[in-house]
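Report on the following structure.
Order of listing sets the numbers, starting from 1, for every ligand and every atom in it. We number each residue from 1, following the sequence as shown.
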Amino acid sequence: MDTYKIPVITIDGPSASGKGTVAQLVAKKLGFHYLDSGSLYRLVALKTMQTHTDIHNTEQLAEIARNLDVVFKNEDIYLDGSIVTDAIRAEQCGSLASQLAAHPQVREALTERQRAFCQPPGLVTDGRDMGSVIFPEAILKIFLTASAEVRAQRRYKQLIEKGIDANIADLLQDIQKRDERDSNRSIAPLRQDADAKLLDTTSLTISQAQDAVLSWYNEIHAINPRLNMK
Ligand code: DC
């Protein structure tokens, strides 16, 4: 199958920017598959913690990434048969994921697993390097961001709504630290690619951000209607 006939929309951007929410809504609207690539890095982090693996042992980390026994079913994620949907959202998991993601061997081990999500009628995916490395031929690439302060507030609201205690100053510090690590690593750093459209959501609602993505997609689709194989 020529995977590049399948339309792929990539939404890359920093942590807590809301890219996952927007990507999921767009996927639902278009009837496309959805891949949250960050969840794979978070799963590697969780398994690393569970198995007390040395976080500097890149061979063993890559082995974990290659052999992840993961199932995405409806809204839930299963690791080795257990639901870990909420467990991987913990800040500790995100922070370790960001450290492990700096290892080229770990990224390499997850590459094919990510590409396998490219199935008809299309895919919407979010992460850091979806447009630049994993799906370079994507028909629409977006760099979705917001100021660090707004992202900290959004993350705070999300955690409080889930009944999890949080502190805005700590969240802001964590976001800034993660941005710096994700942006400055030598392999697949977080950055806006020349062919990606910038979507700054600092003063946009989720619905306005979703509409912006859909209107870009519709423009491309109008030029090449054969893109959608539904
Ligand atoms: O999107 P997220 O916050 O769930 O991702 C967790 C970490 O995983 C993030 O800090 C960096 C890493 N990551 C990555 O390096 N490449 C991706 N495509 C997705 C996530």
Next on the checklist: Check this for me - ligand 1, Arg178, N or O atoms closer than 3.5 angstrom, yes or no?
Outcome noted: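 Yes, at least one N or O pair falls under 3.5 Å.
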Checklist entry - Going by distance only, is there an N or O of Asp129 that falls short of 3.5 Å from an N or O of ligand 1? => result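 Between Asp129 and ligand 1 (N or O atoms, distance only) the closest approach is under 3.5 Å.
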Any salt bridge between [X] and [Y], counting N to O under 4.0 Å?
X	Y	answer
Arg107	Asp129	yes
Asp36	Arg42	no
Glu180	Lys177	no

For ligand 1, which atoms sit closer than 4.0 Å to a heavy atom of [X]?
X	answer
Gly127	18 (N), 19 (C)
Met130	18 (N)
Lys19	1 (O)

[atom]: the protein heavy-atom neighbour that sits closest, reported with distance to 0.1 Å:
atom	value
atom 7 (C) of ligand 1	Ala97 CB, 3.8 Å
atom 10 (O) of ligand 1	Asp182 OD2, 2.9 Å
atom 17 (C) of ligand 1	Arg128 N, 3.4 Å
atom 12 (C) of ligand 1	Ala101 CB, 3.7 Å
atom 19 (C) of ligand 1	Ser37 OG, 3.4 Å
atom 16 (N) of ligand 1	Arg107 NH2, 3.0 Å
atom 8 (O) of ligand 1	Tyr41 CB, 3.4 Å

Next on the checklist: If we set the cut-off at 4.0 Å for heavy atoms, which region of Arg185 has an atom near ligand 1: side chain, backbone, both, or neither?
Outcome noted: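 The part of Arg185 near ligand 1 is the side chain, not the backbone.
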Checklist entry - Any idea which part of Arg42 is under 4.0 Å from ligand 1, heavy-atom wise: side chain, backbone, both or neither? => result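 Side chain only.
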Just checking, is any N or O donor in the side chain of [X] or [Y] under 3.5 Å from an acceptor N or O on the other one?
X	Y	value
Arg181	Ser98	yes
Arg154	Thr201	yes
Ser207	Thr205	no

Next on the checklist: Looking at every non-hydrogen atom in both residues, tell me the closest pair between Ala102 and Arg185 and how far apart they are.
Outcome noted: CA-CD, 4.0 Å
Item to check | Smallest separation among heavy atoms of Ala23 and Asp126, with atom names | outcome: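 Closest approach of Ala23 to Asp126, heavy atoms only: CB-OD2, 3.8 Å.
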Next on the checklist: Between Arg155 and Asp174, does the salt bridge (charged side-chain N to carboxylate O under 4.0 Å, His left out) criterion hold? Intermediate values first, please.
Outcome noted: CA-CA 11 Å; Arg155 177 59 56 86; Asp174 183 62; 5.4 Å; no
